[in-house]
Amino acid sequence: MKTTLIIMAAGIGSRFGTGIKQLAKMSDNGEIIMDYSIYDAKEAGFDKVVFVIRKDIEEEFKAVIGNRIGSQIEVEYVYQELTDLPDGFTVPEGRKKPWGTGQAVLACKDVVKDPFVIINADDYYGKEAFVKLHDFLVNGKQEGEVLNMAMAGFVLKNTVSENGAVTRGICTVDDDDMLTDVLETSGIAIGADGTVVCDREEVRSWITPDVHVSMNMWAAYPEFLNKLKSGFVEFLKDDSGDPLKKEYLIPIIVDGLLKQNKATVKVLETQDKWIGITYKEDTELAQAGFREMIRSGKYPEKLWD
């Protein structure tokens, strides 16, 4: 069975010079976070990478990473654009940004025909999650109308920044390791005494450093794209929320499918430590993390020969 890795990279800014956090060099050889994600995915058995980008950054994106990766694994590009809407809908006057991660993955509908995993371009997930999600896909299948999905279940304490609060999808999981809720929660920080603070009142009373969180790493079969397509129409029809800012987001989409009994999601726990650049000050810590993994032999000094 072939499997595909979808990398959501449309949020990367244009003009790929210094200052674009997703493209900060993580090693002396010049690799960026995406290099390591693709390396881990390929090692786990993925056959293809689909980059979701914007048309206006295509040339620069290919120069920075796309052309290099194209010699290592099959690559395709799809484009997330503000104007890519179903028939009968138009962009609200004044809206500048695309419609969120759900629209990003929906852009893959014509090129992704195999089971797939979704990740963010600017997050490092570690090797374990790629292996577990790949195994889930190749050992399972989609049967019936209820979507069969999985999620990498990161541990909250392994995903926070030392330089400020973060936003995470806080998960509740049943005794069979099945996802029951995803609660998008902002303002998360862990104090020196282990106390967790956050902005979402309903989560505050029970959140701990060891709860599972979603880092937007999902495994699904192509049928999920059909749900995204029909769900996007319903999202656009809904006149609640600010039309200039509302977003069609995967964690909220999945939570809705769970509530309607239209999906099951297996939570595959990983103890790997997330690395990302939420704040400018995170860059040096991320680089130090990759240097240590190279020093310990987890990665070669040069990923791609």
Side-chain angles (χ1 to χ4, degrees), residues 5-54 57-77 117-134 152 154-155 157-164 166 215-217 270-305:
L5 177 66
I6 297 173
I7 302 182
M8 298 183 292
I12 292 177
S14 59
R15 305 186 69 83
F16 276 6
T18 59
I20 304 301
K21 68 176 186 177
Q22 298 95 331
L23 300 168
K25 307 301 183 186
M26 292 293 114
S27 72
D28 293 339
N29 196 51
E31 287 93 354
I32 63 177
I33 287 177
M34 266 185 282
D35 280 293
Y36 291 93
S37 292
I38 295 166
Y39 184 89
D40 288 341
K42 184 181 178 186
E43 192 175 65
F46 287 84
D47 306 283
K48 175 177 166 181
V49 174
V50 176
F51 290 113
V52 184
I53 61 173
R54 299 190 318 275
I57 66 170
E58 181 176 14
E59 183 177 344
E60 294 166 290
F61 187 92
K62 289 180 176 179
V64 170
I65 185 169
N67 293 340
R68 179 172 71 253
I69 296 303
S71 64
Q72 305 296 325
I73 192 170
E74 182 183 351
V75 171
E76 287 203 55
Y77 295 87
V117 162
I118 305 160
I119 64 169
N120 295 328
D122 54 351
D123 289 322
Y124 168 79
Y125 296 92
K127 293 178 179 293
E128 183 182 25
F130 283 105
V131 171
K132 286 187 171 183
L133 290 176
H134 184 268
F154 284 81
V155 179
K157 64 187 177 185
N158 292 335
T159 73
V160 294
S161 168
E162 296 181 15
N163 296 301
V166 297
M215 297 299 297
N216 247 358
M217 190 178 194
T270 173
Q271 291 292 329
D272 278 339
K273 184 173 174 57
W274 163 87
I275 296 177
I277 304 174
T278 305
Y279 300 95
K280 184 178 180 180
E281 294 81 3
D282 292 335
T283 304
E284 289 187 8
L285 288 171
Q287 291 167 336
F290 281 104
R291 281 197 301 270
E292 175 56 28
M293 287 189 285
I294 293 168
R295 187 203 63 77
S296 67
K298 190 170 186 177
Y299 294 104
E301 288 189 16
K302 185 178 182 181
L303 283 183
W304 311 113
D305 293 327

Checklist outcome for this item: Distance col, row I6:CD1 vs I118:CD1, nearest 0.5 angstrom, shows 5.5 Å

Next on the checklist: Would you say that more than 12 heavy atoms from the other residues, nucleotides or ligands in this model lie under 6.0 Å from the CD of E59, or not?
Outcome noted: no

Item to check | Closest non-hydrogen atom pair, N29 against E301 | outcome: CB-O, 3.7 Å

Checklist entry - Among V75, I38, V50, whose side-chain contact (heavy atoms from CB on, under 4.5 Å) with I7 holds? => result I38

Next on the checklist: I'd like to check Y125 versus D272 (side-chain heavy atoms, cut-off strictly below 4.5 Å). Are they in contact?
Outcome noted: no

Item to check | Nearest-0.5 Å distance that lies between atom CG in L303 and atom OG in S27 | outcome: 6.5 Å

Next on the checklist: Between K127 and K298, is there a side-chain heavy-atom distance shorter than 4.5 Å?
Outcome noted: yes

Item to check | Distance in Å, I73 CD1 paired with K42 NZ, rounded so as to fall on 0.5 Å steps | outcome: 6.5 Å

Checklist outcome for this item: One should read off an interatomic distance between T270 OG1 and F130 CZ, to the nearest 0.5 angstrom, of 10.5 Å

Checklist entry - Tell me, do E162 and L285 make a side-chain contact under 4.5 Å, heavy atoms counted? => result yes

Item to check | Full working for side-chain contact (heavy atoms from CB on, under 4.5 Å) between N158 and Q271 | outcome: CA-CA 8 Å; N158 292 335; Q271 291 292 329; 4.0 Å; yes

Item to check | side-chain contact (heavy atoms from CB on, under 4.5 Å) evaluation trace for V117 with M217 | outcome: CA-CA 7 Å; V117 162; M217 190 178 194; 4.2 Å; yes

Next on the checklist: I'd like to know whether M293 forms a side-chain contact (heavy atoms from CB on, under 4.5 Å) with I275, so could you lay out the CA-CA distance, the side-chain angles of the two residues, the decisive distance to 0.1 Å, and finally the verdict.
Outcome noted: CA-CA 12 Å; M293 287 189 285; I275 296 177; 3.8 Å; yes

Next on the checklist: Enumerate the salt bridge (Lys or Arg N to Asp or Glu O under 4.0 Å) contacts for residues 28-39, please, sequence neighbours excluded, ordered by first and then second residue.
Outcome noted: D35-R68

Checklist entry - Does E292 have any salt bridge (charged side-chain N to carboxylate O under 4.0 Å, His left out) partners at least two apart in sequence or in another chain, and if so, which? => result R295

Next on the checklist: For the CD1 atom of I119 and the CE atom of M34, what is their distance to the nearest 0.5 Å?
Outcome noted: 8.5 Å

Checklist entry - At what distance, to the nearest 0.5 angstrom, does CD1 of I69 lie from OG of S37? => result 10.0 Å

Next on the checklist: For R291, give me all partners under salt bridge (charged side-chain N to carboxylate O under 4.0 Å, His left out), at least two apart in sequence or on another chain.
Outcome noted: none

Checklist entry - Do L5 and K48 come within less than 4.5 Å of each other through their side chains, counting heavy atoms only? => result no

Checklist entry - Going through the checks in order, is the side-chain contact (heavy atoms from CB on, under 4.5 Å) test met by M26 and I277? => result CA-CA 11 Å; M26 292 293 114; I277 304 174; 3.7 Å; yes

Checklist outcome for this item: Sorted by chain and number, sequence neighbours left out, salt bridge (charged side-chain N to carboxylate O under 4.0 Å, His left out) with E284 holds for none

Checklist entry - Partners of F51 by ring pair (Phe, Tyr, Trp, His ring centres under 6.0 Å), sequence neighbours excluded? => result F61, Y77

Item to check | Listed partners of E58 passing salt bridge (charged side-chain N to carboxylate O under 4.0 Å, His left out), at least two apart | outcome: K55, K62

Next on the checklist: Main chain of V49, side chain of E74: is a donor-acceptor contact present, judged purely on distance under 3.5 Å?
Outcome noted: no

Checklist outcome for this item: Tightest non-hydrogen contact, residues D282 and S161, listed as OD1-OG, 2.9 Å

Next on the checklist: Taking the ring of F290 and the ring of Y124, is the distance between their centroids below 6.0 Å?
Outcome noted: yes

